[in-house]
Number of protein chains: 2
Amino acid sequence: MGDVAKMAGVSPATVARVLYEPEKVGEARRAKVQAALDATGYKPNVVARGLRTSRSWKIGLIIVDGRLNPYFVNLSQAIRLEAMAQGYTVLTFQYGSVNEPVADSVAQLIQHRVDAVIFAYALRPEDIAPLQAANIPVVQVEQEAVGGTDVVICGPQAGISDAVAHLVALGHRRIAFMGGDPAAYLRPRVSGQTMEEERLSAFRAAVAQHGADADHSLEVLGRYFSTTGEDPAKEGRVMMQKILDMPAPPTAILASSDMLVAGILQVLSARGLRVPQDFSVIGFDDSIAPLLAPAVSSIGRPLGDVAKAAIACVMGAIDDSPHRPLRHVFPTELRLRDSTAPLAGAARPLSAAKA
Amino acid sequence: MGDVAKMAGVSPATVARVLYEPEKVGEARRAKVQAALDATGYKPNVVARGLRTSRSWKIGLIIVDGRLNPYFVNLSQAIRLEAMAQGYTVLTFQYGSVNEPVADSVAQLIQHRVDAVIFAYALRPEDIAPLQAANIPVVQVEQEAVGGTDVVICGPQAGISDAVAHLVALGHRRIAFMGGDPAAYLRPRVSGQTMEEERLSAFRAAVAQHGADADHSLEVLGRYFSTTGEDPAKEGRVMMQKILDMPAPPTAILASSDMLVAGILQVLSARGLRVPQDFSVIGFDDSIAPLLAPAVSSIGRPLGDVAKAAIACVMGAIDDSPHRPLRHVFPTELRLRDSTAPLAGAARPLSAAKA
DNA sequence: CTGAAAGCGCTTACAG
DNA sequence: CTGAAAGCGCTTACAG
């Protein structure tokens with residue numbers, strides 16, 4: 001910056017003004033400075049700038065490790081993209097799915113003086129205490145684990161209802177649900193229902209509404225994905241074995257994550273059951289669904305909107321100090337592919353669905 | 001820091017010394033300062049520290065978007081983990097697979113005064129010119145697109161040879177190869193062969209060595225994965241259609257990425273061919289292989305070693321200014337799962353393999 | 001062993 | 001409209 005100032009024959013202050021409030025600089029000097037700027041290709045040191053203005057233009061992101069569930073890669077990219085569009089750089093820290101101590105990451109983010117932290121992770125109240133002490137705003141995405149912060153989540157109801165309706169229209173009545181086990185995810189109850197309760201009750205409501213069999217034995221609960229990464233399809237495989245070994249097995253399934261679907265398809269294929277001819281499958285997250293054979297229908301989220309809302313929360317929280325928590329809830333939607341078909345042997349399934 | 005100094009009744013300089021060279025501080029004061037440190041929970045502002053020492057402890061990573069190919073998530077995580085273990089924070093920028101202008105990212109990394117930049121991306125010489133001008137070391141991982149920088153790559157030979165040997169031992173003779181098309185990846189020739197040439201010639205050498213059919217019509221070349229993200233299994237599907245429509249189709253295939261395998265399995269399943277009974281498949285990257293049905297054998301890389309080497313290069317380049325380019329080449333390895341089986345109809349395949 | 005001082009690169013009231 | 005000066009939070013020769 002000194003070089004630029006010298007080259008243009010002005011003070012560093014004037015260079016800074018040309019950079020950030022050019023209208024306050026006289027025409028002649030402005031042109032000179034601009035020329036020097038172009039000639040040197042000078043770019044301000046954002047670190048020094050951040051030190052001076054106490055705005056780092058960095059935000060922290062604490063999120064589930066994308067190797068465990070590629071959905072979180074999609075989410076993280078969406079957030080990163082929107083953050084960059086708004087001029088922010090993102091510092092990402094990744095963790096297994098639950099109960100890991102994120103204190104180290106939080107400490108690092110504070111040391112880096114990030115302007116805000118986004119959690120897409122099952123955090124605990126004590127995890128964000130240091131952030132609150134340092135007056136750094138927190139936004140929760142995807143999960144709502146503590147109260148008092150901005151929240152951006154997606155309601156599973158629309159997607160689940162459409163999925164069940166779709167299966168019923170194809171003639172299916174015995175529809176299994178593979179969901180999250182509240183006992184595996186000890187979530188504090190922040191607002192009404194936990195994510196696991198919300199999805200299960202959305203499923204039950206859809207079953208009732210669309211006329212599928214209301215048989216709770218078809219609900220199998222566990223983890224959404226492996227937390228170790230070795231044998232990542234295992235959770236779904238184990239649960240699917242159990243389901244197919246039932247006395248009266250279902251003809252279709254709605255799983256709470258695409259990772260579970262990976263295991264489901266492995267079991268079906270190993271038992272010689274074809275998808276969708278012999279069994280219909282719908283996933284959740286719309287992550288690896290298009291990569292499976294056949295490509296799997298899945299319930300997706302509007303991640304672009306989610307990311308936009310999250311960054312908007314971040315910027316709002318940075319700007320106005322007295323800030324009451326915002327809450328955005330986006331709908332999920334069913335994205336159809338090739339993993340569902342009319343119930344084998346069902347005569348005229350569409351009319352049956354109306355019966 | 002001022003607070004801590006005041007609380008301990010010393011100068012800020014002494015606090016800094018307790019933090020970074022405690023042996024130079026007298027016992028009594030050191031204890032006092034330590035007490036104040038603990039009491040306040042003070043953490044130094046790494047931004048200010050970086051400004052003063054001109055060491056940001058940040059490194060940039062420019063890598064292929066993990067949504068396009070989850071392999072790059074694995075690679076990026078491995079690098080991030082090792083970087084963090086060495087005290088570095090990672091700034092990641094992600095791109096489609098080729099020919100995108102990374103200049104923006106490079107400019108941002110320079111503005112953030114990163115200590116080094118790792119490329120896992122097909123960069124072009126002009127992309128790193130600004131970095132070299134700013135005296136920021138560059139390390140290339142996975143790809144070697146320009147000369148003169150440290151390089152950490154994996155040789156495909158071991159994995160490919162083992163894969164072909166494995167298939168031949170199962171009785172397969174007509175083994176297809178789905179590889180990268182040199183025309184799709186216009187790589188400058190930096191050292192000997194491009195990645196595409198290297199893999200293809202490794203395949204041919206293995207075919208010759210282990211006694212499979214040397215039929216070049218079984219080699220189909222294209223892209224490793226979709227660069228748009230929509231219909232991510234399409235590349236493999238299209239190529240696999242072509243392969244199965246050959247007059248004398250193969251009985252097994254080695255694909256150059258797991259993403260291609262996703263499409264391969266979709267085609268096989270759509271045509272009613274079972275894996276591995278009717279067709280054997282081996283992938284490359286060991287990324288989504290364990291998620292497919294059946295779990296697919298794949299050629300993997302020692303990503304932990306790769307990451308360690310990359311960060312070692314980074315640290316070496318930061319420390320000694322006169323630095324001659326290092327070059328690390330790690331071997332690939334075949335990781336067996338459930339996607340290969342003896343050739344159907346082949347009597348005693350193992351002895352046949354020896355014939 | 002310790003503190004006062006200078007300075008990393010920038011921004012911004014303040015005075016003119 | 002412009003420059004000199006102070007200061008963001010830290011580190012480190014320098015002098016004692």
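Here is how names work: the chains are called A, B, and so on, in the same order as the sequence lines, proteins then strands, and each is numbered from 1.
- Toward the 5' end of DNA chain C, the nearer of the two residues B:R29 and A:R49, judged by each one's closest nucleotide, is B:R29.
- D:dT12 and D:dG16 are spaced 16 Å apart, taking the C1' atom of each and rounding to whole Å.
- Residues of residues 6-14 of chain A having a heavy atom closer than 4.0 Å to DNA chain D, listed by number: A:V10, A:S11, A:A13, A:T14.
- Proximity of A:F93 to B:M84: side-chain heavy atoms (C-beta onward) are separated by under 4.5 Å at one or more points.
- Separation of the A:Y185 and A:Y224 ring centroids falls under the 6.0 Å cut-off.
- Side chains of A:S56 and A:H112 form no contact here, defined as non-hydrogen atoms less than 4.5 Å apart.
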So what is the 5' to 3' dot-bracket string for DNA chain D, if pairs are Watson-Crick or G-U wobble with both distances under 3.5 Å, crossing pairs use [ ] and | means the partner sits on another strand? |||.||||||||.|||
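- Using a 4.5 Å heavy-atom threshold, the side chains of B:D305 and B:H328 count as separate.
- Under the 4.0 Å criterion applied to side-chain N and carboxylate O atoms, B:R301 and B:E142 are assigned as salt-bridge partners.
- Contact annotation: the side chain of B:F72 never approaches that of B:D285 to less than 4.5 Å [non-hydrogen atoms, C-beta and beyond].
- Across C:dG9, D:dC10, D:dT11, the shortest atom-to-atom separation from the side chain of B:N45 is found for D:dC10.
- In this structure, the side chains of B:L37 and B:L19 come closer than 4.5 Å at one or more pairs of heavy atoms.
- The residue from A:V106, A:V151, A:I63, A:L61 that alone fulfils the side chain to side chain contact (heavy atoms under 4.5 Å, CB included) condition with A:F119 is A:V106.
- Listed pair A:R113 / D:dG9 fails the phosphate criterion, with no side-chain N or O lying under 4.0 Å from OP1 or OP2.
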